[in-house]
Protein chains: 2
Amino acid sequence: MSLADQISADLLERLQSGELRAGERLPTEHQLTDEYGVSRATVRSALRRLESLGLTVTRHGLGTFANAGTTEVRADLRQLNSLSDTIASFGLTSEMSYRSRAIRAATAEERRRLELPARAKVLATERELTADGTVVAFSYDAIPRLVFPEHLDIHTVDGSLFAVLEAHKARVATALTEVHAASGNEVGWGPRPAASNYVLLSQVHYLENARPVMYSNTFFVEGRFTFSLIRTR
Amino acid sequence: MSLADQISADLLERLQSGELRAGERLPTEHQLTDEYGVSRATVRSALRRLESLGLTVTRHGLGTFANAGTTEVRADLRQLNSLSDTIASFGLTSEMSYRSRAIRAATAEERRRLELPARAKVLATERELTADGTVVAFSYDAIPRLVFPEHLDIHTVDGSLFAVLEAHKARVATALTEVHAASGNEVGWGPRPAASNYVLLSQVHYLENARPVMYSNTFFVEGRFTFSLIRTR
DNA sequence: TAGTGGTCTAGACCACCGC
DNA sequence: CGGTGGTCTAGACCACTAG
């Protein structure tokens with residue numbers, strides 16, 4: 001963990017604990033430089049991270065100010081992380097459980113998104129993410145069968161799919177993501193959350209060489225996550 | 001325009017002109033340092049910008065590589081546009097109709113988001129966007145009263161609010177956007193679309209000096225729009 | 001091992017803001 | 001005016017990757 005990461009994590013905690021309240025000015029960059037004993041470049045790197053999360057606003061000549069709503073789980077939409085990392089980065093204890101793992105023929109949609117030929121096969125998984133005992137997301141994922149060696153024990157597929165892919169020398173670099181809204185009981189399985197609205201991220205993940213490697217539909221329970229991003233003209 | 005901006009713009013041109021093709025490695029940071037006669041920090045700042053646009057991928061120990069297929073994105077969520085422009089970019093001929101315009105006391109939420117004092121007033125509007133005779137979006141917007149001159153005929157407020165703001169020398173530069181999912185009949189008014197799922201973009205718009213100038217909650221009818229973006233690790 | 005990017009320092013000067 | 005963030009420099013050392 002870099003110095004800048006440690007400092008932004010510490011500031012995040014100070015924001016979430018209420019030590020720094022919404023609208024209040026944070027210490028100046030010079031003060032933070034002294035306080036943490038690092039260079040100003042490092043302080044600025046930490047502050048940039050907070051701002052990209054929408055937790056602070058920095059104004060030239062004035063200072064950096066705490067934004068409201070810093071107690072929710074916020075995820076920078078531009079930043080691509082595994083599901084586990086997204087949740088872990090906010091200090092939540094989460095569990096991921098697989099409902100199914102199967103090797104089957106790719107659907108037409110999967111072939112289109114993953115640029116696969118007819119009759120191609122995929123490893124398809126259904127997963128559920130829980131935090132504090134309640135469901136926070138359902139995810140349906142498909143990975144081309146040929147990413148894996150001939151003999152694959154699908155029961156070794158567990159935990160983060162990003163990690164599984166990396167174990168097979170396939171590192172996810174980018175994703176093309178579509179944002180949708182969904183609701184109803186067709187989403188997920190088992191005991192559903194009372195509020196049945198979902199933010200659906202439909203994503204095609206690519207390797208560094210721009211080859212598609214995973215197609216995911218992840219349904220995030222509305223209210224448990226706040227996806228944010230900064231848009232510019 | 002900062003040095004880093006000039007360099008990233010120049011590299012962008014080299015990427016788009018085909019001088020640097022998809023998959024190819026860009027010059028090393030050290031080479032770019034010499035080439036442009038700037039420090040490595042400045043070069044890295046320029047490269048970070050390209051990467052955040054999804055145009056390049058930088059790999060530790062290897063180099064920076066041009067990405068492929070980055071021109072196909074339909075509607076980049078990172079790009080902030082007025083509601084009218086957003087809809088126009090989808091090739092829809094749209095109509096915007098105001099359901100209401102009012103000057104009223106700001107709600108607690110509006111005061112918080114817009115950093116307004118108690119008893120501050122806002123210009124509040126409710127708008128409906130239709131295309132081909134069906135509703136495609138509902139929008140609730142609030143602008144601080146003091147953005148406008150003393151005597152404002154609210155009936156002159158029409159069309160794009162971005163344009164209205166610019167007519168009063170307030171140019172929207174950025175927005176902090178939260179992505180949510182919503183559904184049900186509390187959203188909107190009049191004849192609702194049959195499918196009642198919405199992608200809610202909850203946005204605080206800022207001027208170039210980082211002052212908040214408009215708080216919007218826009219409900220996009222699911223299925224009529226596809227918001228997409230490129231995410232990178 | 002050589003070369004790459006990742007991080008960090010300790011300054012410097014500029015641009016913006018409120019008083 | 002004094003204080004703030006915005007930008008930039010010229011180094012340094014570390015971590016990663018390929019051969």
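Residue numbers start from 1 in every chain, and the chains themselves are labelled A, B, ... in the order their sequence lines are given, proteins ahead of strands. Reckoned from all heavy atoms, side chains included, excluding hydrogens, waters and symmetry mates.
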Which pairs, protein N/O on one side and nucleotides 10-13 of chain D N/O on the other, fall under 3.5 Å?
residue : atom : partner : partner atom : Å
D:dA12  : N6   : B:Arg40 : NH1          : 3.3

Per-residue pairing states of DNA chain D in dot-bracket (Watson-Crick or G-U under 3.5 Å; . unpaired, | other strand) read ||||||||||||||||||.

Quick one: salt bridge (Lys or Arg N to Asp or Glu O under 4.0 Å) partners of [X], sequence neighbours excluded?
X	result
A:Arg99	A:Glu126
A:Glu110	A:Arg104
B:Glu13	none

Distance-only, no hydrogens or angles: does the B:Arg145 side chain make a donor-acceptor pair with backbone N or O of B:Glu150 under 3.5 Å?
-> yes

Could you tell me whether a side-chain N or O of A:Tyr98 sits under 3.5 Å from a main-chain N or O of A:Gly159, the two making a donor and an acceptor?
->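 Pair found, side chain donor or acceptor close to backbone of A:Gly159.
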
Is there a donor in the side chain of A:Thr156 and an acceptor in the side chain of A:Asp153, or the other way round, less than 3.5 Å apart?
->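 Absent: no donor and acceptor within the cut-off.
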
Classify the side-chain pair B:Thr177/B:Gln203 by whether it contains a donor and acceptor separated by less than 3.5 Å.
->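 Yes, because at least one side-chain N or O of B:Thr177 sits under 3.5 Å from a partner of the opposite role on B:Gln203.
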
Integer-rounded Å distance: [N] [atom2] and [X] [atom1]:
X	N	atom1	atom2	answer
B:Asn209	C:dA15	CG	P	18 Å
A:His30	D:dG6	NE2	P	16 Å
B:Met1	C:dA15	CE	P	17 Å
A:Glu29	D:dT7	CD	C1'	11 Å
A:Tyr36	C:dC8	OH	C1'	17 Å
B:Arg211	C:dC16	CZ	P	14 Å

List the steps and the verdict of side chain to side chain contact (heavy atoms under 4.5 Å, CB included) for B:Val172 and B:Leu161.
-> CA-CA 10 Å; B:Val172 172; B:Leu161 287 178; over 6 Å; no

Verify the contact: side-chain N or O of A:Arg44 to OP1 or OP2 of D:dG6, cut-off strictly under 4.0 Å; return yes or no.
-> yes

Examine C:dT9: is either OP1 or OP2 under 4.0 Å from a nitrogen or oxygen in the side chain of A:Thr42? Give yes or no.
-> yes

Do [X] and [Y] have side chains that approach each other closer than 4.5 Å (heavy atoms only, starting at C-beta)?
X	Y	answer
B:Val57	B:Thr232	no
B:Arg211	B:Pro144	no
B:Arg231	A:Leu201	yes

From the candidates C:dG5, D:dG5, D:dC8, the one with an atom nearest any side-chain atom of B:Thr64 is C:dG5

Nucleotide of D:dG6, D:dC8, C:dC8 approaching B:Leu3 most closely (side-chain heavy atoms) =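 Out of D:dG6, D:dC8, C:dC8, the nucleotide with an atom closest to B:Leu3's side chain is D:dC8.
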
With a non-hydrogen cut-off below 4.0 angstrom, is B:Leu47 in contact with a base, only sugar-phosphate, or nothing?
->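 B:Leu47: no heavy atom of the nucleic acid under 4.0 Å.
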
Using a 4.0 Å heavy-atom cut-off across all strands, classify A:Arg48 as base, sugar-phosphate, or nothing.
-> nothing

Inspect the contact between B:Arg48 and B:Glu51 and indicate whether a charged nitrogen and a carboxylate oxygen are less than 4.0 angstrom apart.
->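 A salt bridge is absent here (no side-chain N lies under 4.0 Å from a carboxylate O).
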
Give every pair of a protein N or O atom and an N or O atom of nucleotides 14-19 of chain D that lie under 3.5 Å apart, one pair per line with the distance.
residue : atom : partner : partner atom : Å
D:dA15  : N3   : B:His60 : NE2          : 2.8

